[in-house]
Every structure is written in C-alpha cells, then in structure tokens.
A.B. asks: 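Sharing a structure below in structure tokens format, with a few things to ask.
What you see below is based on every heavy atom in this structure, not just the backbone, and it leaves out hydrogens, waters and symmetry mates. Each ligand, and each atom within it, is numbered from 1 in the order the structure gives.
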Amino acid sequence: RAAMAKSKFEYVRDFEAEDKCLPNCWIVVRLDGRCFHRFADQHDFKKPNDDCALNLMNKCAQAVMEEMGEIVIAYGQSDEYSFVFKKDTNLFKRRASKLMTLVVAKFASSYVFYWKDYFKDKSLLYPPGFDGRIVLYPNDQNLKDYLCWRQADCHINNLYNTVFWTLVQKSGLTPVQAQERLKGTLANDKNEILFSEFNINYNKEPEIYRKGTVLIWKKVDEIIKKKITTGETEEKEIEQTRMRNRPIPLHCDIIGNEFWEHNPEILLD
Ligand code: ATP
Ligand code: ATP
Ligand code: MG
Ligand code: MG
Ligand code: MG
Ligand code: MG
C-alpha cells in the first residue's frame with residue numbers, strides 16, 4: 001500500500017528546484033538576528049556592546065562549526081555571523097537550502113540552548129529568529145574582500161556607536177541630540193570627540209568590539225577525565241591530555257595580508 005501511494009504521488013518531487021552551489025566556489029552562509037535592535041532593548045543589552053551577547057553569538061558559531069564540518073573560517077560581529085565552507089565541499093551535494101537552513105537552525109537553537117550560560121538569571125523573553133542567505137565567491141580575493149567588507153562594517157558601526165553612546169551616557173545628550181552632533185562627521189572627527197572630550201583612545205577599546213570575532217581551527221590540548229578500573233571493584237579517575245582541533249576565537253585584523261600569510265591553510269584545498 002505504502003509503495004503504491006508512493007508511486008502515485010511521487011511526481012510532486014519534481015516540483016523541487018535544483019539549488020546546487022556552483023562548483024569550485026567558496027560558499028558563504030551569512031545569518032543575521034531578526035529585529036535585534038528591539039531584542040537588545042528588551043533584554044537590556046549593555047550599550048554599545050554587550051559582552052554576554054557577543055560571547056553567546058561566538059558560542060553558537062562554534063557549535064555550528066563543530067557540527068557541520070567543512071567550515072574553514074567564520075566571522076561574526078553584532079547580531080550577524082558568516083560561515084565559509086571549503087570550496088570543494090560536497091556536503092549535502094552542495095545544496096544551498098540544506099547548507100543554509102542547517103547552519104541557521106543549529107545557530108538559532110544553540111542561541112536558546114546556551115542563553116542561560118551567558119545571561120545567568122536574565123530570562124529569555126521570546127524565541128529569537130535569524131535570517132540566512134548564501135553567497136558564492138569564485139576566487140580567493142573575492143572571499144577575502146567579502147570578509148574585509150564585514151570587518152570594515154564592524155569598524156564603522158562600532159566607532160559610530162561608541163561615540164553615540166558616550167555622548168548619551170556621559171554628556172547626557174538625548175539620542176536625537178547625539179545623532180545631530182554626529183551628522184556629517186568623519187572617522188577622524190569621531191576619534192577626536194572621544195579623545196578630546198572624554199579622554200577615550202578608540203584604539204584602546206577592546207578588540208572584540210572593534211574587530212569582531214574570527215573563528216578558525218587550531219590544535220589545542222584538552223584535558224579529559226577518564227574512569228579506569230583498577231581492581232575487581234575499584235575505579236580511579238585519571239586525567240589525559242588529548243590534542244583536538246577546535247574553532248578558536250581571534251579578534252584580529254583580517255583586512256590586509258598578515259592574517260592570511262600567518263594562516264595559509266584556510267585557503268588551501
Ligand atoms: P534586521 O531584522 O533587519 O536585521 P535589526 O534590528 O536586527 O534588524 P541590525 O542591522 O541587524 O538590525 O542590527 C542589529 C542591532 O542589534 C544593533 O544595531 C544593536 O542595536 C543590536 N545588537 C546586536 N548585538 C549587540 C550587542 N552585543 N550589544 C548591544 N547591542 C547589540
Ligand atoms: P536526515 O538527517 O537525513 O533527515 P533522519 O534520521 O532525520 O536523517 P528522516 O528520514 O528525516 O531521517 O526520519 C526521521 C526519523 O526520526 C524517523 O525515521 C524516526 O526514526 C524519527 N522520528 C521523528 N519523529 C518521531 C516521532 N514523533 N516519534 C518517533 N520517532 C520519530
Ligand atoms: Mg539587517
Ligand atoms: Mg539583525
Ligand atoms: Mg545585523
Ligand atoms: Mg530528518
């Protein structure tokens with residue numbers, strides 16, 4: 001019966017569109033929190049940068065990398081994360097919808113699952129959403145430029161937000177007044193306001209705020225606890241060191257050659 005039903009109805013499968021990613025291209029999945037401006041307000045995120053929120057984002061991205069495999073680098077800032085699959089990946093036969101939805105779903109469920117580890121007593125008021133998109137980059141330069149573009153975005157937004165919130169928090173300006181004050185200012189003007197009026201050297205602000213987070217695979221020693229049986233009934237716990245490959249967070253420049261020269265394996269097949 002089941003088999004007959006299948007043959008009769010199975011033609012509907014042909015309505016599915018093929019969405020295989022072009023071969024030889026870097027596959028980038030970028031996700032972004034839905035209405036996180038509001039989400040941040042409602043959960044009292046510290047302005048301009050809430051460390052718990054940033055650390056939770058990074059934890060979720062690590063969970064995605066551990067689960068999916070074949071992601072060679074990820075970059076995150078604010079409520080967004082980009083994941084780069086190795087260009088010859090054959091995961092899910094390179095089907096775009098499979099890759100994208102699995103990344104976004106794993107990230108979103110991790111955000112909820114790990115929330116309490118980062119926000120302690122602060123409860124999650126509703127389930128957050130994340131959108132996703134997939135973009136293909138045909139050569140290494142395009143991929144590097146993509147990542148630079150996201151990091152430049154992080155820099156521009158963070159400089160603006162840092163001055164904006166300093167004006168609001170330390171000078172008592174209203175948000176509208178702070179916005180007025182910043183209208184038409186260039187990067188230098190913003191650095192100057194921070195330095196001359198508030199004695200803040202922007203370049204000394206934490207790198208996680210200014211540069212975002214890069215996740216790449218590194219070999220690290222991990223200590224694991226293991227129970228061994230010693231006698232007939234006795235058990236003993238011993239510690240062993242194991243070398244593991246883990247996605248490690250860095251807050252460094254990916255604009256410029258230094259990062260790529262130090263980590264050439266990222267772009268190798
Ligand atoms: P959309 O649904 O179009 O993405 P959005 O409200 O999420 O709308 P974004 O451009 O994605 O808009 O901006 C994300 C916003 O989330 C930031 O402007 C900021 O207000 C907030 N936000 C994200 N992460 C943090 C953080 N770690 N600390 C403080 N605020 C944050
Ligand atoms: P894939 O990752 O390819 O989807 P899968 O293991 O999820 O692999 P599916 O064909 O999606 O395979 O089948 C889902 C399986 O999950 C079912 O075969 C069944 O074993 C289990 N399952 C799902 N829902 C239930 C349920 N409500 N009760 C019991 N088992 C369930
Ligand atoms: Mg947006
Ligand atoms: Mg958003
Ligand atoms: Mg965003
Ligand atoms: Mg399934």
A.B. asks: Determine whether any heavy atom of M57 lies closer than 4.0 Å to an atom of ligand 1.
C.D. replies: no

A.B. asks: Aromatic ring centroids of F39 and Y126 under 6.0 Å?
C.D. replies: yes

A.B. asks: Look at the rings of Y81 and F107 and say which category their plane angle falls in: under 30° parallel, 30 to 60° tilted, over 60° perpendicular.
C.D. replies: tilted

A.B. asks: Output the list of atoms in ligand 1 that are nearer than 4.0 Å to some heavy atom of L54, sorted by atom number.
C.D. replies: 27 (N)

A.B. asks: Please say which of N191, I193, N157, L194 ends up in a side-chain contact (heavy atoms from CB on, under 4.5 Å) with T162.
C.D. replies: L194

A.B. asks: Within ligand 1, which atoms have a heavy atom of K46 less than 4.0 Å away?
C.D. replies: 28 (N), 29 (C)

A.B. asks: Please confirm if an N, O or S atom belonging to G33, backbone or side chain, lies less than 2.8 Å from the Mg ion (ligand 4).
C.D. replies: yes

A.B. asks: Looking at F113, I'd like to know if the NZ or CZ of K116 sits under 6.0 Å from its six-membered ring centre while staying within 45 degrees of the ring's axis.
C.D. replies: yes

A.B. asks: The Mg ion (ligand 4) and D32: any N/O/S contact shorter than 2.8 Å?
C.D. replies: yes

A.B. asks: Would you mind listing which atoms of ligand 1 come within a distance below 4.0 Å of any non-hydrogen atom of D50?
C.D. replies: 26 (C), 27 (N), 28 (N), 29 (C)

A.B. asks: Using a strict cut-off of 4.0 Å, indicate which atoms of ligand 1 neighbour a heavy atom of R34.
C.D. replies: 2 (O)

A.B. asks: Near the Mg ion (ligand 4), is there an N/O/S atom from E80 that is less than 2.8 Å away?
C.D. replies: no

A.B. asks: Restricting to N, O or S atoms of D79, which is nearest to the Mg ion (ligand 4)?
C.D. replies: OD2

A.B. asks: Any atoms of ligand 1 less than 4.0 Å from a non-hydrogen atom of A53? List them with their elements.
C.D. replies: 27 (N)

A.B. asks: Counting the benzene-type ring for Trp, do F119 and F45 have ring centres under 6.0 Å apart?
C.D. replies: yes

A.B. asks: Do the two ring centres, one from Y111 and one from F130, sit under 6.0 Å apart?
C.D. replies: yes

A.B. asks: Is D32 salt-bridged to R133, going by a charged N under 4.0 Å from an acidic O?
C.D. replies: no

A.B. asks: What distance do N263 atom CG and L268 atom CG have between them, rounded to the nearest 0.5 Å?
C.D. replies: 11.0 Å

A.B. asks: Taking NZ, NE, NH1 and NH2 as the nitrogens, is one of them in D153 or R150 under 4.0 Å from a carboxylate oxygen of the other?
C.D. replies: yes

A.B. asks: Answer side chain, backbone, both or neither: which part of N49 comes under 4.0 Å from ligand 1, heavy atoms only.
C.D. replies: backbone

A.B. asks: Taking distance alone, with no angle check, do C35 and ligand 1 share an N/O pair under 3.5 Å?
C.D. replies: yes

A.B. asks: Test your reading of the structure: does F45 have an N or O sitting under 3.5 Å from an N or O of ligand 1?
C.D. replies: no

A.B. asks: Using non-hydrogen atoms of the residue, decide whether P48 is closer than 4.0 angstrom to ligand 1.
C.D. replies: yes

A.B. asks: Do E66 and R246 meet the salt-bridge criterion of a basic N to acidic O distance under 4.0 Å?
C.D. replies: yes

A.B. asks: Just to be sure I read this right, does ligand 1 sit under 4.0 Å from the backbone of R38, its side chain, both, or neither, counting only heavy atoms?
C.D. replies: neither

A.B. asks: Looking only at distance, does D131 have an N or O less than 3.5 Å from an N or O of ligand 1?
C.D. replies: no

